Each structure stands twice: as structure tokens, then as C-alpha cells.
Amino acid sequence: MQHPVYLIVAVDKNMGIGKDGRLPWHFSVEMKYFKELTSKTKDMSNLNMVIMGRNTWESLPEKYRPLPGRKNIVLTANHHYEVVGGAEICASLEEALSTADEDIEQIFIIGGAKVFESALSNPHVKGIYLTKINENYDCDTFFPDMPKYFGPKILIHSEEENSIKLEYYLYKRD
């Protein structure tokens with residue numbers, strides 16, 4: 001059984017996604033959307049899986065590690081890297097995808113930039129959930145150029161927080 005695989009990312013006007021290993025913004029509405037999308041399953045006995053790089057894992061506040069209600073996979077080439085709380089370590093995206101058993105409904109790749117870059121060319125990726133934050137931030141990490149086979153974009157919804165507009169899109173793979 002092939003599990004649906006999606007990237008999920010929030011970007012600013014310049015496709016920035018991070019600064020110094022952290023998110024340069026905090027929007028409670030966007031965090032709620034992320035949690036709901038990556039947690040919600042049709043079958044209550046199933047889980048979704050989130051795959052992230054080591055830096056993304058380390059950027060999560062300790063109290064949220066691992067992200068609750070989801071199978072957490074951390075990608076690292078360091079075979080001695082240890083995680084606590086039930087997350088699993090994998091050396092590659094392909095290895096991580098192969099750990100999805102029949103209890104996994106959907107797989108979400110949540111960052112960072114290197115993981116996104118390698119995932120964009122992966123044929124298993126069905127789409128990208130992209131939140132566009134209508135503001136510029138001081139970012140040092142950016143979402144890679146999106147291949148043309150992702151599109152057209154579908155506006156899921158939009159909302160505002162602190163007078164800043166957030167637009168939630170899905171880019172489906174052609």
C-alpha cells in the first residue's frame with residue numbers, strides 16, 4: 001500500500017522558512033492548522049507520520065518532542081544520535097518512508113530545507129501544503145525552488161493574525 005506523502009511548510013514573501021535554526025514568526029492559527037493537518041486521520045486507530053531533519057527536531061521545544069499523536073522520524077547521518085520520547089532515527093528519506101506500516105494513513109515531511117530539497121524530487125510526494133505568510137522576515141533558510149510538476153495551486157483558505165494575512169495552499173503533483 002502506498003501512503004500519501006506531502007510536504008508541509010510555511011514561507012514568507014521571499015520563501016524564507018527559518019532563521020538561526022528557528023521559525024522567525026509565531027502564528028497560533030498556523031500552528032493549529034499544522035497540528036490538525038498532520039494529526040487528523042480518517043480511521044481513529046491509525047496515525048500519521050512526520051519526517052524531519054535533525055535540525056528541525058532540535059528546533060522543536062522539548063515539551064513537544066516528539067510531536068504528539070504522530071509517528072516521528074528524525075533523519076540524520078549520525079548513527080550515534082539519540083532521541084528521546086519514542087521518535088525513530090533513519091539515515092535517509094527512503095528508509096523513513098519504508099517504516100510506514102498499515103497503521104500509518106498519511107506521511108508529512110516537515111523540514112528542514114535539505115530534507116525539502118531531497119523530497120521535492122521523490123516520486124512518492126503527492127503534493128505540498130504551503131502556508132504563505134504575507135510579510136517579509138529576516139530569514140537565512142529558504143524553501144527550495146518548486147518543480148513545475150507541482151501545480152496549479154489550490155487555495156484551501158486564508159485568515160489573519162496580528163494584521164498579517166496567511167494563505168493556505170495545496171500544490172498537487174501533476
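Note that this is a predicted model, so its numbers are computed, not measured.
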For Met52 against Ile110, the heavy-atom pair lying closest together: CB-CG1, 3.6 Å

From Glu94 atom CD to Ser118 atom OG, the distance as rounded to the nearest 0.5 Å: 9.0 Å

Backbone N/O of Ser28 and side chain of Glu161: donor-acceptor pair under 3.5 Å: yes

Short side-chain to backbone donor-acceptor contact, Asn48 and Lys40, under 3.5 Å: yes

Linked, directly or transitively: Met146 and Ile109 (ILVMFWY side chains, under 4.5 Å): yes

Separation between CZ of Arg65 and CD of Glu58, rounded to the nearest 0.5 Å: 7.0 Å

Test item: Thr141 side-chain N/O and Ile17 main-chain N/O as donor-acceptor pair under 3.5 Å: no

For the student: nearest non-hydrogen atoms of Ala100 and Ile107, plus distance: CB-CD1, 3.8 Å

Heavy-atom closest contact (Gly18 atom, Pro24 atom, distance): CA-CD, 3.7 Å

Residues, nucleotides or ligands: over 12 heavy atoms within 6.0 Å of Tyr81 OH: yes

Residue pair Asn134 / Lys13, side-chain heavy-atom distance below 4.5 Å: yes

Sub-4.5 Å side-chain heavy-atom contact between Val11 and Lys132: yes

Student check: side-chain heavy atoms of Val83 and Arg54 closer than 4.5 Å: no

Gap separating the CD1 atom of Ile128 from the CG atom of Leu130, nearest 0.5 angstrom: 7.0 Å

Trp57 to Ala87 - nearest heavy-atom pair and separation: CH2-CB, 3.6 Å

Main-chain N/O of Ala119 paired to His124 side chain as donor or acceptor, under 3.5 Å: no

Pairwise side-chain contact, Phe34 with Thr131, heavy-atom cut-off 4.5 Å (strictly under): no

Heavy atoms from other residues, nucleotides or ligands near NZ of Lys126 exceed 12 (cutoff 6.0 Å): yes

Ser59 and Arg22: CA distance, side-chain angles, deciding distance, side chain to side chain donor-acceptor pair (under 3.5 Å) verdict: CA-CA 6 Å; Ser59 77; Arg22 303 264 183 250; 4.8 Å; no

Where Leu120 and Phe143 come nearest, the two heavy atoms and their spacing: CD2-CZ, 4.3 Å

Between OH on residue Tyr6 and NZ on residue Lys172, distance to nearest 0.5 Å: 6.5 Å

Check: Asn14 side chain, Gly16 main-chain N or O, donor-acceptor pair, under 3.5 Å: no

Atom pair CG (Leu23) and CG (Asp12), whose distance is rounded to the nearest 0.5 Å: 11.0 Å

Greater than 12 external heavy atoms within 6.0 Å of Asn78's CG: yes

Verdict with reasoning, Leu93 to Asn122, per side chain to side chain contact (heavy atoms under 4.5 Å, CB included): CA-CA 9 Å; Leu93 181 57; Asn122 187 297; 3.9 Å; yes

Side chains of Tyr171 and Pro147 in contact at under 4.5 Å (non-hydrogen atoms): no

Residues Lys42 and Glu105 bridged, charged N to O under 4.0 Å: no

Val5 reachable from Val115 in the ILVMFWY side-chain graph, under 4.5 Å edges: yes

Criterion side chain to side chain contact (heavy atoms under 4.5 Å, CB included) on Lys71 and Asp103, from CA distance to verdict: CA-CA 10 Å; Lys71 180 178 180 178; Asp103 297 338; over 6 Å; no

Cluster check Tyr169, Val9: I/L/V/M/F/W/Y, side chain < 4.5 angstrom: yes

Path from Phe116 to Phe150 over hydrophobic side-chain contacts below 4.5 Å: yes

Intermediate values then yes/no, side chain to side chain contact (heavy atoms under 4.5 Å, CB included), Phe108 and Ser39: CA-CA 10 Å; Phe108 294 94; Ser39 299; over 6 Å; no

Which atom of Glu159 lies closest to which atom of Val29, heavy atoms considered: OE2-CB, 3.3 Å

Hphob cluster co-occupancy, Tyr168 + Ile8, side-chain heavy atoms under 4.5 angstrom: yes

Value rounded to 0.5 Å, distance of CG in Asn55 from CG in Leu75: 11.0 Å

Residues, nucleotides or ligands: over 12 heavy atoms within 6.0 Å of His79 NE2: no

Aromatic plane relationship, Tyr129 with Tyr33 - under 30° parallel, 30 to 60° tilted, over 60° perpendicular: perpendicular

